[in-house]
A.B. asks: 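This is the structure I have questions about; it appears just below.
Each chain gets a letter, A, B and so on, in the order its sequence line appears, and its residues count up from 1.
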Number of protein chains: 2
Amino acid sequence: MPRKVDHRERRTQIADALMRVAAEHGLEAVSLRHVAAEAGVSAGMVQHYFRTKDEMMTFALDVVRVRSEVRVGAAVQALGPDPAPRRLVRALMTTLLPLDEESRADGRVALAFLSYTAVRPATAPALREGTTQMVGFIAGLLPGGDEVGAAGLLALMEGLGMYLLGGQYTEEQALRVLDAQLDLLFR
Amino acid sequence: MPRKVDHRERRTQIADALMRVAAEHGLEAVSLRHVAAEAGVSAGMVQHYFRTKDEMMTFALDVVRVRSEVRVGAAVQALGPDPAPRRLVRALMTTLLPLDEESRADGRVALAFLSYTAVRPATAPALREGTTQMVGFIAGLLPGGDEVGAAGLLALMEGLGMYLLGGQYTEEQALRVLDAQLDLLFR
DNA sequence: TCCTTTGCAATGCGACTGTATTGCAACGAC
DNA sequence: GTCGTTGCAATACAGTCGCATTGCAAAGGA
């Protein structure tokens, strides 16, 4: 085996460049050449690591997903052992919300991907499973295992995220809304 | 003035074709030629009515907005005079939610436009104003003029819409979540 | 009747797209 | 050493993009 290169790492580097392009110029600006330029590599190399553009998109989408999961895990970890349910739920929500500029960029990418996958139903199942899992987890933290409340909270968070990205709500407004909802759920 | 043609109507026809293309193949498939083909007209004609693609997009976006406003108005009208606040709010929410296939298509288009405008901040103010207005209106219907509750309800609705489009929630689930939230707000 | 304005079709242009192909340097196995 | 595999660059190609230009038919006003 000649010339050892960490395949996954290269792919991730390229995916990162893709996300930078998408966050700044929208997903429709994502092309092999743009991504290659952003990554500082040749277009041929991008082609070497992703046989098709769609493969690259799918991989990038997965990177976003994993990265978000990691963030959530870290946030939970940071709370220490046996955190109060409300604090835990709030940490989950604020972690997923696009509150700083970095996660705003991620959010824009995720949003772009969402309408991208709306036409390609292939990736829908994974998405669905993730949400169901999240609802179940949150429900376990709510008084009475409130599944409907958990689903509502998640939807509310998602909507807040959209309004944050769109600039309709400020961060303070969003957090106020979130806390009000937690007041209702943990009453 | 020769050959009188209803300019606005033609533009709306073209915008309709655009939305059909966008709903079915995504916004990145929207091109002058595709839209023209979908509308059953020549590409030259599309160019005749919209000097640039961006002008066409902007117009279509506006059509979506107006159409949604009309739908809301009709739903309110249908409730008759002096409807109970909760019924009115619920009608507003269910009208905006993508519950049937037609409004699902609209929702997909709106979602695509959202990430489209995320990069073009020009249209943001109009969006912001619409949301603020809606929050104010709903707050007036909630007990105590609850502004935060109204903002939360709107965000929840938006999130439900996304999950409906993504297939994560079924219609029944979404409606259950909505009604539970109304229970909390009108308690 | 001519003439100007308008509606619309057709074509061309340069830029850009995704992908296939080709070539070559670098390295490990033998 | 040599051989084959791999990493990567460069180029070619057919197609599509948005947009500009041109031409012409139709319809009032003069």
A.B. asks: May I have all residue pairs that pass salt bridge (Lys or Arg N to Asp or Glu O under 4.0 Å) and include part of residues 26-42 of chain A, sequence neighbours excluded?
C.D. replies: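 Counting only pairs at least two positions apart or across chains, the salt bridge (Lys or Arg N to Asp or Glu O under 4.0 Å) contacts touching residues 26-42 of chain A are R20(A)-E38(A), E28(A)-R120(B).
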
A.B. asks: Within residues 38-59 of chain A, which residues have any heavy atom lying less than 4.0 Å from an atom of DNA chain C?
C.D. replies: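 Q47(A), T52(A), K53(A) - these, ordered by number, are the residues of the stretch whose heavy atoms sit under 4.0 Å from the strand.
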
A.B. asks: Mind checking V35(B) for me? I need base, sugar-phosphate or nothing, with any heavy atom below 4.0 Å counting as a touch.
C.D. replies: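 Nothing, no heavy atom under 4.0 Å.
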
A.B. asks: Starting at atom CG of D6(B), determine the distance to atom P of dT6(C), rounded to an integer number of angstrom.
C.D. replies: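 Taking atom P of dT6(C) as the reference, CG of D6(B) is at 16 Å.
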
A.B. asks: Please identify each residue that fulfils salt bridge (charged side-chain N to carboxylate O under 4.0 Å, His left out) with D146(B), with sequence neighbours left out.
C.D. replies: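 Checked D146(B) against salt bridge (charged side-chain N to carboxylate O under 4.0 Å, His left out); zero matches.
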
A.B. asks: Under the salt bridge (charged side-chain N to carboxylate O under 4.0 Å, His left out) rule, collect the residues that match up with E147(A), sequence neighbours excluded.
C.D. replies: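 If we apply the salt bridge (charged side-chain N to carboxylate O under 4.0 Å, His left out) test to E147(A), skipping adjacent residues, there are no hits.
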
A.B. asks: Residues two or more places apart in sequence or in another chain: which of them pass salt bridge (charged side-chain N to carboxylate O under 4.0 Å, His left out) with E55(B)?
C.D. replies: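 Residues passing salt bridge (charged side-chain N to carboxylate O under 4.0 Å, His left out) with E55(B): R11(B), R51(B).
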
A.B. asks: So, OP1 or OP2 of dT17(C): does either fall under 4.0 Å of a side-chain N or O from S31(A)?
C.D. replies: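 For dT17(C), OP1/OP2 do have a side-chain N/O of S31(A) under 4.0 Å.
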
A.B. asks: What I want to find out is whether R108(B) reaches E101(B) closely enough, with some N-O distance under 4.0 Å, to be called a salt bridge.
C.D. replies: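 Counted as a salt bridge, because a side-chain N and a carboxylate O are separated by less than 4.0 Å.
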
A.B. asks: Tell me, please, which residues at least two apart from F59(B) pass ring-ring contact (aromatic ring centres under 6.0 Å, His included).
C.D. replies: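 Listed in chain order: F50(B).
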
A.B. asks: Show every ring-ring contact (aromatic ring centres under 6.0 Å, His included) that has at least one partner inside residues 153-184 of chain A, sequence neighbours left out.
C.D. replies: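 Non-adjacent pairs meeting ring-ring contact (aromatic ring centres under 6.0 Å, His included): Y163(A)-Y169(A).
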
A.B. asks: Measure from CD on E28(A) to P on dG18(C) and round the result to the nearest Å.
C.D. replies: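 Distance check: E28(A) CD to dG18(C) P gives 12 Å.
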
A.B. asks: OP1, OP2 of dT17(C) versus side-chain N and O of H34(A): anything below 4.0 Å?
C.D. replies: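 It does, given that an N or O in the side chain of H34(A) lies less than 4.0 Å from OP1 or OP2 of dT17(C).
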
A.B. asks: Please report the distance, rounded to the nearest Å, between CZ in R33(B) and P in dT17(C).
C.D. replies: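 R33(B) atom CZ is separated from dT17(C) atom P by 16 Å.
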
A.B. asks: Which one, dC8(D), dC8(C), dG7(C), comes nearest to the side chain of R10(A)?
C.D. replies: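 Of all the options, the side chain of R10(A) is nearest to dC8(D).
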
A.B. asks: Sequence neighbours left out, what passes salt bridge (charged side-chain N to carboxylate O under 4.0 Å, His left out) with R86(B)? Give chain and number order.
C.D. replies: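 Partners of R86(B) by the salt bridge (charged side-chain N to carboxylate O under 4.0 Å, His left out) criterion, ordered by chain and then number, come out as D183(B).
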
A.B. asks: Using a 3.5 Å cut-off on both pairing distances, which stems of three or more Watson-Crick or G-U pairs include DNA chain C?
C.D. replies: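 C:1-30 with D:1-30 - these are the stems of 3 or more pairs that involve DNA chain C.
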
A.B. asks: Quick one: do R104(A) and E171(A) make a salt bridge, cutoff under 4.0 Å?
C.D. replies: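 No, no charged N to carboxylate O under 4.0 Å.
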
A.B. asks: Expressed in angstrom and rounded to an integer, what is the separation of L27(B) atom CG from dC17(D) atom C1'?
C.D. replies: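 Atom CG in L27(B) sits about 15 Å away from atom C1' in dC17(D).
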
A.B. asks: Could you give the NE2-to-C1' distance, from H7(B) to dC8(C), as a whole number of Å?
C.D. replies: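 Answer to the nearest Å: 12 Å.
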
